[in-house]
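I have placed the structure first, in the form of structure tokens, so that the comments after it can refer back to it.
Just the heavy atoms: all of them, side chains too, but no hydrogens, waters or symmetry mates, feed the values below. Not measured: the values here are computed from a predicted model.
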Amino acid sequence: MNKETLETLLIDYIDGRLTRKERFQVEQELVKNPEAFKLYEQLKEVIHAMDQSPKLEPSAILASSFSKQLQDEIAANKKTNVFFMQPAFYRVAAAVALLVIGGGMGYWISKYQRQQEQLAVIQKQMEETKLMMMSMLENEQSASQRVLGATVALKLDKTDQDIINALRTALNEDPNTNVRLAALDALNKFNKEPYVRSLLISSLSSQKDPNVQIALIRILVEMKAQGAVKELQRITTDDEMLKEVKDEAHAGLLKLS
């Protein structure tokens, strides 16, 4: 997928304008392509910032002058049915553009300056928390420390790909059931992120512990994760699967249908 197409799809994904098939396509791309995920995070931040910024409009006098100049240009060119913009028109258009751009730049520069110290403090705290969490999750000698590491992640308000990948490893590979469940709880907090959503869906096929399977199925159903339907169907027909897990999968299919 080329970058231009990906950017368009990501913007529509963030704005909620994609079909179910297109959303699934985007989520699969985000799971397998770290650069796509990074682009998604950048676009999301930009769109959020734009949504939060105040609406900037030209004054009523300038807008009226702009409209009148436009009508005059149209009238002057009606006979030839060709619309040529005169230099005066360009000057008015440029004035409007400069007003909007200048106001926007002033707002963003001011906002940037106000937030620098706050951002530095927050980033430092997050990095320290992240290092502590990673250290706990990698403690092979203590399952309780790994559980605590996942619990630390659960308390975070914001995450990044390193944290998500560490929790994914814990969920899919840790030998201790409690660690897996704690990692699942932490990931579930961020299930609105497409990367996390796809990660949870794909994790179901690798789980062997019935406790984790049941907990994960319930989360996927609560998420209304249609991408999990195929795996849920497989579980219901698996003769080696515990009855409790098959029953949970069957109930999930009914809720997702």
Taking the side chain as every heavy atom from C-beta outward, state whether [X] and [Y] have any pair of such atoms under 4.5 Å apart.
X      : Y      : answer
Leu253 : Gln233 : yes
Pro210 : Glu248 : no
Tyr40  : Ile14  : yes
Leu200 : Leu184 : yes
Arg218 : Ile214 : yes
Asp12  : Leu9   : no
Ile11  : Arg17  : yes
Tyr195 : Glu41  : no

Straight-line distance of [X] [atom1] to [Y] [atom2], nearest 0.5 Å:
X      : Y      : atom1 : atom2 : value
Glu138 : Glu140 : CD    : CD    : 8.5 Å
Arg146 : Thr151 : CZ    : OG1   : 12.5 Å
Tyr13  : Leu6   : OH    : CG    : 12.5 Å
Glu193 : Ile164 : CD    : CD1   : 7.5 Å
Asn33  : Gln28  : CG    : CD    : 12.0 Å
Leu187 : Leu167 : CG    : CG    : 4.5 Å

Evaluate the side-chain contact (heavy atoms from CB on, under 4.5 Å) criterion for residues Asn139 and Met136: first the C-alpha distance (whole Å), next the side-chain angles of each, then the deciding distance (0.1 Å), finally the verdict. CA-CA 5 Å; Asn139 189 333; Met136 290 178 174; 5.7 Å; no

For side-chain contact (heavy atoms from CB on, under 4.5 Å), just list the numbers for Leu220 and Ile201, CA-CA rounded to whole Å, side-chain angles, deciding distance to a tenth of an Å, and then say yes or no. CA-CA 7 Å; Leu220 292 173; Ile201 292 172; 3.9 Å; yes

Is Glu231 salt-bridged to Arg234, cutoff N-O under 4.0 Å?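 Salt bridge flag = yes for Arg234 with Glu231.
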
Is a salt bridge present between Arg180 and Asp209, judged by a nitrogen-to-oxygen distance below 4.0 Å?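 Answer for the salt bridge query: no.
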
For Val245 and Asp238: C-alpha separation, side-chain torsions, deciding distance, then whether side-chain contact (heavy atoms from CB on, under 4.5 Å) applies. CA-CA 10 Å; Val245 178; Asp238 188 342; over 6 Å; no

Can you pull the ring-ring contact (aromatic ring centres under 6.0 Å, His included) pairs that have at least one residue in residues 225-256, sequence neighbours excluded?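 Matches after skipping sequence neighbours: none remain.
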
Tell me whether [Y] is reachable from [X] by hopping between hydrophobic residues (I, L, V, M, F, W, Y) whose side-chain heavy atoms are closer than 4.5 Å.
X      : Y      : value
Phe37  : Leu18  : yes
Val152 : Val179 : no
Val147 : Ile163 : no
Leu204 : Phe24  : no

Step by step, would you call Leu171 with Gln207 a side-chain contact (heavy atoms from CB on, under 4.5 Å)? CA-CA 9 Å; Leu171 173 62; Gln207 297 300 329; 3.8 Å; yes

Is there a donor-acceptor pair closer than 3.5 Å between any side-chain N or O of Ser135 and the backbone N or O of Met132?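 Checking the backbone N and O of Met132 against the side chain of Ser135, no donor-acceptor pair under 3.5 Å is found.
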
Least distance between heavy atoms, [X] atom then [Y] atom:
X      : Y      : answer
Asn172 : Ser203 : OD1-OG, 2.6 Å
Ala249 : Thr236 : CB-CG2, 3.8 Å
Met133 : Ala153 : SD-CB, 3.3 Å
Leu137 : Ala150 : CD2-N, 3.8 Å

Leu242 and side-chain contact (heavy atoms from CB on, under 4.5 Å): which partner among Glu244, Glu240, Lys246?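 Among Glu244, Glu240, Lys246, the one meeting side-chain contact (heavy atoms from CB on, under 4.5 Å) with Leu242 is Glu244.
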
Side chains of Asn191 and Asn188: do they bring a donor and an acceptor to under 3.5 Å?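 Yes - a donor-acceptor pair under 3.5 Å links their side chains.
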
Could you pull out every donor-acceptor pair under 3.5 Å between side chains of residues 221-229 and any protein atom, sequence neighbours left out?
unit_1 : atom_1 : unit_2 : atom_2 : d
Gln226 : NE2    : Leu256 : O      : 3.0

